[in-house]
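Only a predicted model underlies this, so the values are computations on that prediction, with no experimental measurement involved. All values below come from the heavy atoms of this structure, side chains included, with hydrogens, waters and symmetry mates left out. The chains referred to below are lettered A, B, ... by the order of the sequence lines, with proteins before strands, and numbering in each begins at 1.
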Protein chains: 2
Amino acid sequence: MLSGIPEQCCTLDISGSEQQSLIAMFRALGNPIRFEILKFLITHPGCITGNIVDHFPIAQATVSQHLKVLRDAGWIEGETRGPATCYCLDKEKFAWFKRKIGEIF
Amino acid sequence: MLSGIPEQCCTLDISGSEQQSLIAMFRALGNPIRFEILKFLITHPGCITGNIVDHFPIAQATVSQHLKVLRDAGWIEGETRGPATCYCLDKEKFAWFKRKIGEIF
DNA sequence: CTTTATTATCGTAAATATACGATATAACCG
DNA sequence: CGGTTATATCGTATATTTACGATAATAAAG
């Protein structure tokens, strides 16, 4: 016996590009190494890529790739400082993330 | 010229199994279809698997697989109701998620 | 301009995720 | 028990992610 789809009770204030952005943030932090890298960046402000490479048992190319995923998702910002790149949490984007999570669910 | 790793400025209140659980929640919502399924479950309380199958253009087996990922991650709970399974948001786990996000970052 | 230091990107192999049809399982009805 | 309905699981093909070494790009120093 097939019952119909239950009535919609409410709407969620998310769709389109905002939803895509949110999903990308979820996806980026859904990896143990990227999660650890973000933790490391938050607890060690002023870090450059090399510091992360020294601290994790993975190749430099892999670290750089993970940093790109975190940056593309909006979790971190990179600032060129001489030949190095200094990464830090993107506080505005993170505030947006928390706000959206609070709003939609 | 190698500079040392910057001093640790703080700690983040997450590690071990709690961190693993959080990462699993991020990973589960980092997929567009699972995100939509969660939205659908929230806006249509009392849904069974078949309602979701009817609403999305993917096979029943795939829906069931996605529901398992969401359930294993803790986003949803499934209650057997006759031959069907009724899914809904796990409010306690979601509250825990929001609390942790607020605490650690 | 050449060298050195640092990071990003390319190409690719291995692991994981995603999707599907087919089949198994579970609950209910008669 | 046998049939029906609804869902979960299995096996497997394809797509994506992850990791690495090698190489390119960028900035500063000499």
statement: dist B:T62:OG1 -> B:Q60:CD (nearest 0.5 Å) comes out at 8.5 Å
Between the protein and nucleotides 8-15 of chain D, list the N/O to N/O atom pairs that are separated by less than 3.5 angstrom.
unit_1: D:dA8; atom_1: OP1; unit_2: B:Y87; atom_2: OH; d: 2.4
unit_1: D:dA8; atom_1: OP2; unit_2: B:S64; atom_2: OG; d: 3.0
unit_1: D:dA8; atom_1: N7; unit_2: B:Q60; atom_2: NE2; d: 2.8
unit_1: D:dA8; atom_1: N6; unit_2: B:Q60; atom_2: OE1; d: 3.0

query: When you match B:V53 and A:R34 each to their closest nucleotide on DNA chain D, which lands nearer the 5' end?
result: B:V53
query: Which whole-number value in Å describes the distance from B:N51 CG to D:dA6 C1'?
result: 11 Å
Do any N or O atoms of the protein come closer than 3.5 Å to N or O atoms of nucleotides 24-30 of chain D, and which pairs are they?
none

field: Length of the CD1-P vector between A:I52 and D:dA19, whole Å
entry: 14 Å
- line: Residues passing the side-chain contact (heavy atoms from CB on, under 4.5 Å) test with A:P6, sequence neighbours excluded, are B:C47, B:N51
- request: Mind running a 4.0 Å heavy-atom check of residues 21-30 of chain A against DNA chain C and sending the residues that fall below it, in number order?
  value: none
All pairs passing salt bridge (Lys or Arg N to Asp or Glu O under 4.0 Å) where residues 40-52 of chain B contributes a residue, at least two apart: none
Contacts of type side-chain contact (heavy atoms from CB on, under 4.5 Å), residue B:T49, not counting sequence neighbours: B:V53, B:V63, B:L67, B:T85, B:Y87
query: Between B:E36 (CD) and C:dA19 (C1'), how many Å, whole number?
result: 18 Å
- request: Round to the nearest Å and state the distance from A:D54 atom CG to C:dA5 atom C1'.
  value: 13 Å
- prompt: Applying salt bridge (Lys or Arg N to Asp or Glu O under 4.0 Å), which residue pairs with at least one partner in residues 60-79 of chain B are found, sequence neighbours left out?
  reply: B:K68-B:D72, B:E79-B:R81
query: With side chains defined as the heavy atoms from C-beta onward, is the minimum distance between A:T11 and A:Q8 less than 4.5 Å?
result: yes
message: When you measure from the side-chain N and O atoms of B:H66 to the phosphate of C:dA17, is any distance below 4.0 Å, counting only OP1 and OP2?
response: no
N/O donor to acceptor pairs below 3.5 angstrom from side-chain atoms of residues 92-105 of chain A, sequence neighbours left out:
unit_1: A:K93; atom_1: NZ; unit_2: A:S21; atom_2: OG; d: 3.1
unit_1: A:K93; atom_1: NZ; unit_2: A:A73; atom_2: O; d: 3.3
unit_1: A:K100; atom_1: NZ; unit_2: A:E18; atom_2: OE1; d: 3.1
unit_1: A:K100; atom_1: NZ; unit_2: A:E103; atom_2: OE1; d: 3.3

- line: Residues at least two apart in sequence or cross-chain that pass side-chain contact (heavy atoms from CB on, under 4.5 Å) with A:T80, listed by chain then number, are none
Strand contacts (DNA chain C) in residues 38-45 of chain B, 4.0 angstrom heavy-atom criterion: none
- prompt: Once you round to the nearest 0.5 Å, how far does CG of B:L70 lie from CG of B:L89?
  reply: 10.0 Å
- prompt: Can you check the A:L70 CG to C:dA8 C1' distance for me, whole Å?
  reply: 15 Å
message: So, taking the atom named SG in A:C88 and the one named NE2 in A:H44, what distance separates them when rounded to the nearest 0.5 Å?
response: 15.0 Å
query: Excluding sequence neighbours, so at least two apart, what forms salt bridge (Lys or Arg N to Asp or Glu O under 4.0 Å) with A:E7?
result: none
Tabulate below the donor-acceptor pairs under 3.5 Å that side-chain atoms of residues 26-43 of chain B make, not counting sequence neighbours, or state none.
unit_1: B:R27; atom_1: NE; unit_2: A:G30; atom_2: O; d: 3.0
unit_1: B:R27; atom_1: NH2; unit_2: A:G30; atom_2: O; d: 3.0
unit_1: B:N31; atom_1: OD1; unit_2: B:I33; atom_2: N; d: 2.9
unit_1: B:N31; atom_1: OD1; unit_2: B:R34; atom_2: N; d: 3.0
unit_1: B:R34; atom_1: NE; unit_2: B:A28; atom_2: O; d: 2.7
unit_1: B:R34; atom_1: NH1; unit_2: B:H66; atom_2: ND1; d: 3.0
unit_1: B:E36; atom_1: OE2; unit_2: A:Q19; atom_2: NE2; d: 2.9
unit_1: B:K39; atom_1: NZ; unit_2: A:I14; atom_2: O; d: 2.9
unit_1: B:K39; atom_1: NZ; unit_2: A:Q19; atom_2: OE1; d: 2.7
unit_1: B:T43; atom_1: OG1; unit_2: B:K39; atom_2: O; d: 2.9
unit_1: B:T43; atom_1: OG1; unit_2: B:F40; atom_2: O; d: 3.3

- prompt: Just to confirm, is there a sub-4.0 Å distance from OP1 or OP2 of D:dT17 to any side-chain nitrogen or oxygen of A:N31?
  reply: no
